[in-house]
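Numbering of ligands and ligand atoms starts at 1, following listing order.
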Amino acid sequence: MTSPRKILVTGGAGYIGSHTVQLLLEQGYDVAVVDNLSKGYRRNVPAGRLFAMNIADTKALTELMRQTRTEAVIHFAASIAVGESMREPETYFANNTCASLSLLTAMLRADVKHLVFSSTAAVYGNPHASPILESFPLQAVNPYGESKVMVETLLRWFGAIHHLTSVSLRYFNASGCDPQGRLGEEHEPETHLIPLLLRAVATGTPVTVFGGDYDTPDGTCIRDYIHVLDLAQAHILALEYLMQGGASDQFNVGTGTGHTVMEAIRAVEEVTAQKVPYVIGPRREGDPPALVASSDKLRSKLGWSPKYGDLRTIVEHAWNFARSKS
Ligand code: UFG
């Protein structure tokens, strides 16, 4: 019997990272998690797998990869709030770009040659057409998106010069959670639409819809909501592709279907059988009207397809988790 592949996951105590770790373990991988626990939760990581350290510590990370005989890395650790990045760009370039450079340096020293990178639809800025193809120009409109573009650039050069192969996964709107409710979305502060809608139902405090005058069917923004487990599975397919000798590449991860904010509100009302209290407020600065992925490349090249493709299922799973917490 062959021994399980050894994977290092940075940011594995966070929302998307912890779901991916769970799926990796279920699929027979041997996983070590590095997380500084600034946003993630110790309880999200199975006992004995967490190494509480900062990826900016190149020396410690190199040592850990050597000790655990890491074969490939999945890199989630990052700051993720677009609005915050407009106030504190330095945090985003330090935590996302510089810390990723530290990770890549440690990988070189430990002779680890494959990386799956957590990129974002924010690399496209305000795209000129929909759905968005991977070949569209990278024109980030905030430091968060730019910090990820910069990592994609680092990866290109580390590939060309050091033969490190990587897949950048450009996520659309990650949402939902483990159907069994073992893990969920717990950001502090919460800025994401679906958990905020569920919170509004639970507390009765209205949520603000950011803009009702966009050029969309009901005037609210369109997004492509992707179930976190479908996103996690995309990481595992990317990992297998790289470990089988695949060349570096970039893929969108979305379902290819967009939903307006009002459609999300209706889905929450159906699932919870309660009214969502909301008010229509002004537009949020930097929000593109519509972001919908073309996921054709991911489907055709990596054989991915979503298992939980509809918004209602996403909301159901998120609601199960929210109820288990209250
Ligand atoms: N929205 C509201 N009210 C709220 C929160 C959100 O109306 O209180 C709307 C937003 O305007 C947007 C949609 O709901 O139209 C989704 O907003 P989120 O904040 O949940 O997600 P974003 O689309 O802004 O951001 C997501 C990820 C980012 C990533 C971005 C890529 O959270 O990390 O997609 O474009 F950068």
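Residue Thr120 approaches ligand 1 through these ligand atoms, each under 4.0 Å from one of its heavy atoms: 29 (C), 31 (C), 36 (F). Residue contact check: Thr191 has heavy atoms under 4.0 Å from atoms 5 (C), 19 (O) of ligand 1. Heavy-atom proximity to Val209, at under 4.0 Å, picks out these atoms of ligand 1: 7 (O). Per-residue contacts place Cys221 under 4.0 angstrom from the following atoms of ligand 1 (heavy atoms of the residue considered): 15 (O). Residue Val82 approaches ligand 1 through these ligand atoms, each under 4.0 Å from one of its heavy atoms: 36 (F). Ligand 1 places these atoms under 4.0 Å from at least one heavy atom of Arg284: 10 (C), 11 (O), 17 (O), 18 (P), 19 (O), 22 (P), 24 (O). Close contacts between ligand 1 and Leu291 involve ligand atoms 35 (O) [criterion: under 4.0 Å to a heavy atom].
Looking only at protein heavy atoms, the nearest one to atom 27 (C) of ligand 1 is His192 NE2, 4.1 Å. Atom 21 (O) of ligand 1 has its closest protein heavy atom at Asn173 ND2, 3.1 Å. Shortest contact from atom 4 (C) of ligand 1 to any protein heavy atom: Phe210 CE1, 3.2 Å.
The shortest distance between side-chain heavy atoms of Leu115 and Leu103 falls below 4.5 Å. Counting heavy atoms from C-beta on, the side chains of His187 and Pro195 never come closer than 4.5 Å.
With a 4.0 Å heavy-atom cut-off, ligand 1 is reached by no atom of Ile194. Contact annotation: for Ile80 versus ligand 1, heavy atoms closer than 4.0 Å belong to the backbone alone. Neither the backbone nor the side chain of Thr220 comes within contact range of ligand 1; no heavy atom lies under 4.0 Å. In Tyr144, the part holding a heavy atom less than 4.0 Å from any atom of ligand 1 is the side chain. Only side-chain heavy atoms of Tyr225 come within less than 4.0 Å of ligand 1; its backbone N, CA, C and O stay farther off. Proximity of Ile222 to ligand 1, defined as any heavy-atom pair under 4.0 Å, is not found for any part of the residue.
At a 3.5 angstrom cut-off on N or O pairs, Leu193 counts as close to ligand 1. For a threshold of 3.5 Å applied to N or O pairs, the pair formed by Asp287 and ligand 1 contains at least one separation below that value. Here's the thing with Arg223: one of its N/O atoms is less than 3.5 angstrom from an N/O atom of ligand 1.
With Asp230 contributing its side chain and Lys307 its backbone, the two residues share a donor-acceptor pair below 3.5 Å. Here the side chain of Thr120 pairs no donor or acceptor atom with the backbone of Val123 at under 3.5 angstrom.
No salt bridge links Glu134 with Lys301; every basic N to acidic carboxylate O contact stays at or beyond 4.0 Å.
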Quiz prompt | Lys39 vs Glu188, salt bridge (Lys or Arg N to Asp or Glu O under 4.0 Å): CA-CA, chis, key distance, verdict | solution = CA-CA 8 Å; Lys39 297 284 181 188; Glu188 201 47 61; over 6 Å; no
Sequence neighbours left out, cut at 3.5 Å: what donor-acceptor pairs do the side chains of residues 12-22 make with other protein atoms?
| unit_1 | atom_1 | unit_2 | atom_2 | d |
| --- | --- | --- | --- | --- |
| Tyr15 | OH | Ser175 | N | 3.4 |
| Tyr15 | OH | Ser175 | O | 3.3 |
| Tyr15 | OH | Gly176 | N | 3.4 |
| Tyr15 | OH | Gly176 | O | 2.6 |
| Ser18 | OG | Gly14 | O | 2.6 |
| Ser18 | OG | Tyr15 | O | 3.2 |
| His19 | ND1 | Tyr15 | O | 2.8 |
| His19 | NE2 | Asp178 | N | 2.9 |
| Thr20 | OG1 | Ile16 | O | 2.9 |

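When the side chains of ILVMFWY residues are joined at heavy-atom separations under 4.5 Å, either directly or via intervening members, Val167 and Tyr171 end up in a single hydrophobic cluster.
Counted within 6.0 Å of CZ on Arg69, heavy atoms from surrounding residues, nucleotides or ligands total 12 or fewer; the atom is thus considered open.
For the atom pair Ser168 OG and Arg156 CZ, the distance stands at 11.0 Å (nearest 0.5 Å).
Using a 30° and 60° split on the angle between ring planes, Phe172 and Tyr124 fall in the tilted class, from 30° to 60°.
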